[in-house]
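Atoms within each ligand, like the ligands themselves, are counted from 1 in listed order.
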Amino acid sequence: MLLRTWVCLLAAASAGFAQPARRTVSLVVTGGIVVTIDAAGRVLSPGAVAIDGRDIVAVDTPEAIAARFSGRESIDATGQIVMPGLINTHTHAPMVLYRGLADDLALMDWLQKYIFPAEAKTVTPEFVRAGTRLAALEMIQSGTTTYADMYYFEEEIAKVTKEAGLRGVLGQTIIQFPVADARTPAEGLARAEAFIKQFAGDDLIVAAVAPHAMYTLDTATLTAARTLADRTRAPVLIHLAETADEIKTSQEKHKTSPAQYLESIGFWGPRTLAAHGVWLTPADLSILARRHVAVSHNPESNMKLASGAAKVVAMRQAGVVVGLGTDGAASNNDLDMFEAMRQAAFLAKLQTTDPRAVPAPTALQMATIDGARALGMDKELGSLEAGKRADVITVSMTAARQTPMFDPLSHLVYTTHGDDVRTTIVNGRVLMRDRKVITLNEAAVLDEARALAERVRAAVR
Ligand SMILES: [Zn+2]
């Protein structure tokens, strides 16, 4: 008895001496179910995340984090899931201003009769800034922390993205016909190069080259876009094999598929992300796998425009990395990545008649770590692990539709909406807390968008 008391006293004393001083960090998120999306698929229930500056410094149990760290700020995530921010691998942010302008049309009709004419009359730097503010507000509110974009005046999109605090892989669009920010593709290429130089080394913005598609560009411009990307080490974003029309055009003009035509001209290279890939053949997939070209799957846009069902299971089996995207809000009609996850799972099941196709954990991976891989940023993003950037969201799990909860991963994919996100953190900075967006004036952003809608309406009258 006496001996045991001695041992206890000794243990207590040595624990007291050995206790290192707690490290002060900028932020501790504690108390929620932490879904890490790390390689082991660790889920800590409850767990905590310590953040210092722009980085995650530790992910552990609340007790272990409290023993090692004291946060200057803390967020109580009780009743919530804490997870990596979502990565939208394909959108056109300012197109939120064309949301609901023209629905229920095939891609070519929709583009040629509504979107291209509206863009010709409305796209200005001011319009692009207002659209990006609205898109950023929606993304922050629905838990997207990184997005890949292809549009015009991309430097304006980059400035607003930085102000909002979001992370972006932003591609200056190059297209054959005259557009708002370039009369010729050569001008578009020059703009892309200036944009890449302007944002070199930026903490939040990765500037990319975005040749629109093989059916809207000639061979010389496509190869010039690749050369520019190689010279500047910038990522490349392109649309690929989106519709049956594109395949037909490619067969008529080049006697081969879009992916094989692009292979034949030496277009494929590192850090390249092809959006859609609905009509890729097994031969196309082996080219993309060999060239390490990733695909952005956009199930909602593909369904709404009736473009077809991308063969996601076959892509993944062929070794192609598949991220998830919303596409522009004019063909979705929102930027909610929770809905994109759910529809990706449902569409794969319908397409294969196999309910095991794209299970919840796979959909979740596609929206996080595989999105990061698709953008060549998986060392920094896509999971909650020490050393990665602190892009973190908390998601409430207390709504009627989320009750009861047996499996957090199932709930994230099958019942959760973007509106359930409570906190959005990018690069260690809190952009939204308890659904209050801190970096944007919500009322002003909405007013500005409503005022610009008049200009859009007049453009297609
Ligand atoms: Zn697109």
With a cut-off of 3.5 Å and sequence neighbours excluded, list every side-chain donor-acceptor pair involving residues 305-322.
from	atom 1	to	atom 2	distance (Å)
R316	NH1	D370	OD2	3.2

Report yes if the distance between the aromatic ring centroids of F127 and F153 is under 6.0 Å, otherwise no.
-> no
For the Zn ion (ligand 1): protein N/O/S atoms at distances below 2.8 Å = 4
Does D203 CG have over 12 foreign heavy atoms under 6.0 Å away?
-> yes
Test N88 against every option in T326, N298, T144, T146 by the side-chain hydrogen bond (donor to acceptor under 3.5 Å, both in side chains) rule and name the one that passes.
-> T326
Qualifying ring-ring contact (aromatic ring centres under 6.0 Å, His included) pairs, either residue in residues 209-263, two or more places apart | H90-H239, H92-H239, H212-Y215, H212-H239, H239-H276, H254-Y261
Is there any salt bridge (Lys or Arg N to Asp or Glu O under 4.0 Å) pair reaching into residues 332-354, and which pairs are they, with sequence neighbours excluded?
-> D354-R356
